[in-house]
Amino acid sequence: MKKITIAIDGFSSCGKSTMAKDLAKQLGYIYVDTGAMYRAVTLFAMQHGLFNADGSVKTQDLQQQMSHINITFKFNKLTGRPDTYLNNELVESNIRTLEVSNHVSQIAAIPFVREAMVAQQQRLGKDKAVVMDGRDIGTVVFPEAELKVFVTASAEVRAQRRYDELKEKGMPADFNDILKNVEERDYLDSHREVSPLRKAPDAIELDNSHMTIAEQSDWLMKLVKERIGE
Ligand SMILES: Nc1ncnc2c1ncn2[C@@H]1O[C@H](COP(=O)(O)OP(=O)(O)O)[C@@H](O)[C@H]1O
Ligand SMILES: Nc1ccn([C@@H]2O[C@H](COP(=O)(O)OP(=O)(O)O)[C@@H](O)[C@H]2O)c(=O)n1
């Protein structure tokens, strides 16, 4: 069967990783959650005092410490999905807090951070048979991807989904704080200078505001089958 590269980009919390993980599992492809990588760098910066009191980043210090940041993924047999490790420590849950979400877009706007993450992403996907989700996969990381999807949903729907998820995991959650974070990140991610969030011209747009997880998964699989010629 022909192996392809699948890029899933879009706004925060709209279901990209849900779609991407399930698809990768069905196809036996590698899944890479690039948002987790920017979240892990953010967690590192928080743990090492690399934010100033006003919330800005100590950019020079972070740059000096970039070589000490090692992000890896290990498949979790229980969840059937990869877990994120920062310097060999499991951080899958720590990187999903609202505190990390409130700082991540600043870290992700720094050019040397993006350069390092994109290089690692390109290495992970060099042999194709990969599903990668993020903000710039179809535009920057794999502009030649055979299938590009751009996912959207209303900010309220997205915040509600994130709220439900955090509650289910027993993590603290306030709907208004989450909505504010989702809207702020949408703005920062689409207005940064380097690799802003954009729909690639050849990406297929999906508004899943009124779709179930199963419906969006079927929609995606249909597209994949067209591309791999099944
Ligand atoms: N179509 C959908 N309907 C309802 N909930 C969804 C749908 N797609 C995803 N979700 C849920 O929304 C939350 C955010 O999805 P996620 O895949 O993490 O988004 P993203 O990767 O875009 O940030 C998760 O809890 C997920 O289970
Ligand atoms: N390819 C990517 C992926 C994420 N990011 C950044 O990382 C943040 C977290 O990404 P994420 O995919 O985990 O976010 P959610 O959509 O899951 O909330 C985003 O808000 C972006 O600032 C990025 O800049 N480029």
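Atom set for the values below is all heavy atoms of this structure, side chains included, hydrogens, waters and symmetry mates excluded. For reference, positions follow the sequence shown, starting with 1.
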Could you give the side-chain donor-acceptor pairs of residues 151-169 under 3.5 Å, partners two or more places apart or in another chain?
unit_1, atom_1, unit_2, atom_2, d
Ser154, OG, Val157, N, 3.2
Arg158, NE, Ala153, O, 2.8
Arg158, NH1, Ser12, O, 2.9
Arg158, NH1, Asp186, OD1, 3.3
Arg158, NH1, Asp186, OD2, 3.1
Arg158, NH2, Asp186, OD2, 2.7
Gln160, NE2, Asp164, OD1, 3.0
Arg161, NH1, Cys14, O, 3.3
Arg161, NH1, Asn208, OD1, 3.2
Arg161, NH2, Asn208, O, 2.9
Arg162, NE, Ser13, OG, 3.1
Arg162, NH1, Glu165, OE1, 2.7
Arg162, NH2, Ser13, OG, 3.3
Glu165, OE2, Lys169, NZ, 3.0

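- Within the 4.5 Å cutoff, side-chain heavy atoms of Ile4 are placed close to those of Tyr29.
- Clustering ILVMFWY residues whenever any of their side-chain heavy atoms sit less than 4.5 angstrom apart, transitively, puts Met46 in a cluster other than the one holding Leu90.
- Gln47 CD to Thr42 OG1: the interatomic distance, rounded to the nearest 0.5 Å, is 11.0 Å.
- Of all heavy-atom pairs spanning Ser17 and Asp133, the tightest one is N-OD2, 3.5 Å.
- The side-chain heavy atoms of Val149 and Asp9, taken from C-beta on, include no pair separated by under 4.5 Å.
- Contact annotation: the side chain of Asp127 never approaches that of Lys3 to less than 4.5 Å [non-hydrogen atoms, C-beta and beyond].
- Val104 and Ile178 are members of different hydrophobic clusters when ILVMFWY side chains are connected at heavy-atom separations under 4.5 Å.
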Next item on the list: Mind running side chain to side chain donor-acceptor pair (under 3.5 Å) on Gln121 and Thr34 for me, showing each step along the way?
Entry: CA-CA 7 Å; Gln121 290 153 15; Thr34 64; 4.5 Å; no

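- Pairing each heavy atom of Glu99 with each of His103, the nearest pair is O-ND1, 2.9 Å.
- Atoms NZ and CD1, on Lys126 and Ile30 in that order, are 8.5 Å from each other to the nearest 0.5 Å.
- By the 6.0 Å contact criterion, CD on Gln26 is enclosed, its count of non-hydrogen atoms from other residues, nucleotides or ligands being greater than 12.
- Cluster membership check: Phe44 does not share its hydrophobic cluster with Tyr85, using side-chain heavy-atom separations under 4.5 Å among Ile, Leu, Val, Met, Phe, Trp and Tyr.
- Hydrophobic clustering (ILVMFWY, side-chain heavy atoms < 4.5 Å, transitive): Ile95 and Leu50 are in one cluster.
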Next item on the list: Would you check, one step at a time, whether the test side-chain contact (heavy atoms from CB on, under 4.5 Å) holds for Val32 with Val130?
Entry: CA-CA 8 Å; Val32 184; Val130 65; 4.2 Å; yes

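- For the atom pair NZ of Lys225 and CG of Leu27, the computed distance is 9.5 Å after rounding to the nearest 0.5 Å.
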Side-chain donor-acceptor contacts of residues 69-77 below 3.5 Å, not counting sequence neighbours, with atom names and distances?
unit_1, atom_1, unit_2, atom_2, d
Asn76, OD1, Leu78, N, 2.8
Asn76, OD1, Thr79, N, 3.2
Asn76, ND2, Asp83, OD2, 2.8

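- Enclosure of atom CD in Glu215 by more than 12 non-hydrogen atoms of other residues, nucleotides or ligands within 6.0 angstrom is indicated.
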Next item on the list: May I have the step-by-step check of salt bridge (charged side-chain N to carboxylate O under 4.0 Å, His left out) for Glu226 and Lys222, ending in yes or no?
Entry: CA-CA 6 Å; Glu226 280 169 24; Lys222 223 180 248 172; over 6 Å; no

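- Inspection of the Asp189 and Ser105 side chains reveals an N or O donor paired with an N or O acceptor under 3.5 Å.
- Residues forming a side chain to side chain donor-acceptor pair (under 3.5 Å) with Asp202 (at least two apart in sequence, or on another chain): Lys148.
- None of Ile6, Ile228, Leu23, Leu147 except one satisfies the side-chain contact (heavy atoms from CB on, under 4.5 Å) rule with Leu223; the exception is Leu147.
- The minimum heavy-atom distance between Ser190 and Arg198, with the atom names listed, is O-NH1, 3.3 Å.
- Put simply, the side chain of Arg192 gets close to the backbone of Val194: a donor and an acceptor are under 3.5 Å apart.
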Next item on the list: Given side-chain contact (heavy atoms from CB on, under 4.5 Å), test Arg96 with Thr84 step by step and report yes or no.
Entry: CA-CA 11 Å; Arg96 310 285 169 192; Thr84 311; 4.2 Å; yes

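- Within the 4.5 Å cutoff, no side-chain heavy atoms of Ile8 are placed close to those of Met132.
- The shortest distance between side-chain heavy atoms of Leu62 and Val57 falls below 4.5 Å.
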Next item on the list: In sequence, state the C-alpha distance, the side-chain angles, and the governing distance for Ser101 and Arg39, and then conclude on side chain to side chain donor-acceptor pair (under 3.5 Å).
Entry: CA-CA 7 Å; Ser101 298; Arg39 285 175 179 274; 3.1 Å; yes

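- The two residues Gly10 and Phe150 come nearest to each other via the heavy atoms CA-CE1, 3.9 Å.
- Residues Val41 and Leu86 form no side-chain contact, since every pair of their non-hydrogen atoms from C-beta on lies 4.5 Å or further apart.
- Residues Glu146 and Lys128 have side chains in contact (heavy-atom distance under 4.5 Å, counting atoms from C-beta outward).
- Rounded to the nearest 0.5 Å, atoms CG (Leu197) and CZ (Arg185) are 11.0 Å apart.
- The neighbour count for Lys58 NZ, taken as heavy atoms of other residues, nucleotides or ligands under 6.0 Å away, is above 12.
- Within 6.0 Å of OH on Tyr187 lie no more than 12 heavy atoms contributed by other residues, nucleotides or ligands.
- Listed for the Ser217 side chain is no donor-acceptor partner under 3.5 Å among the backbone atoms of Ile213.
- Although no hydrogens or angles enter the test, the distance criterion places a donor-acceptor pair under 3.5 Å between the side chain of Gln106 and the main chain of Gly55.
- Of all heavy-atom pairs between Phe51 and Ala45, the closest is CE1-CB, 3.7 Å.
- A distance-only check finds no donor-acceptor pair linking the side chain of Asn52 to the backbone of Asp54 [under 3.5 Å].
- Looking at Asp22 and Arg81, their side chains come closer than 4.5 Å, going by heavy atoms from C-beta outward.
- Using a 4.5 Å cut-off between side-chain heavy atoms of Ile, Leu, Val, Met, Phe, Trp and Tyr, with links allowed through other members, Val182 and Met171 fall into the same hydrophobic cluster.
- Closest heavy-atom contact between Met19 and Leu206: CE-CD2, 3.6 Å.
- Ion pairing between a basic and an acidic side chain is recognised when a charged N comes within 4.0 Å of a carboxylate O; Asp136 and Arg114 show such pairing.
- Rounding to the nearest 0.5 angstrom, the gap separating the OG1 atom in Thr18 from the NZ atom in Lys21 is 6.5 Å.
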Next item on the list: Give the C-alpha distance, both sets of side-chain angles, the deciding distance and a yes or no for side-chain contact (heavy atoms from CB on, under 4.5 Å) between Asp33 and Met37.
Entry: CA-CA 7 Å; Asp33 176 352; Met37 298 170 71; over 6 Å; no

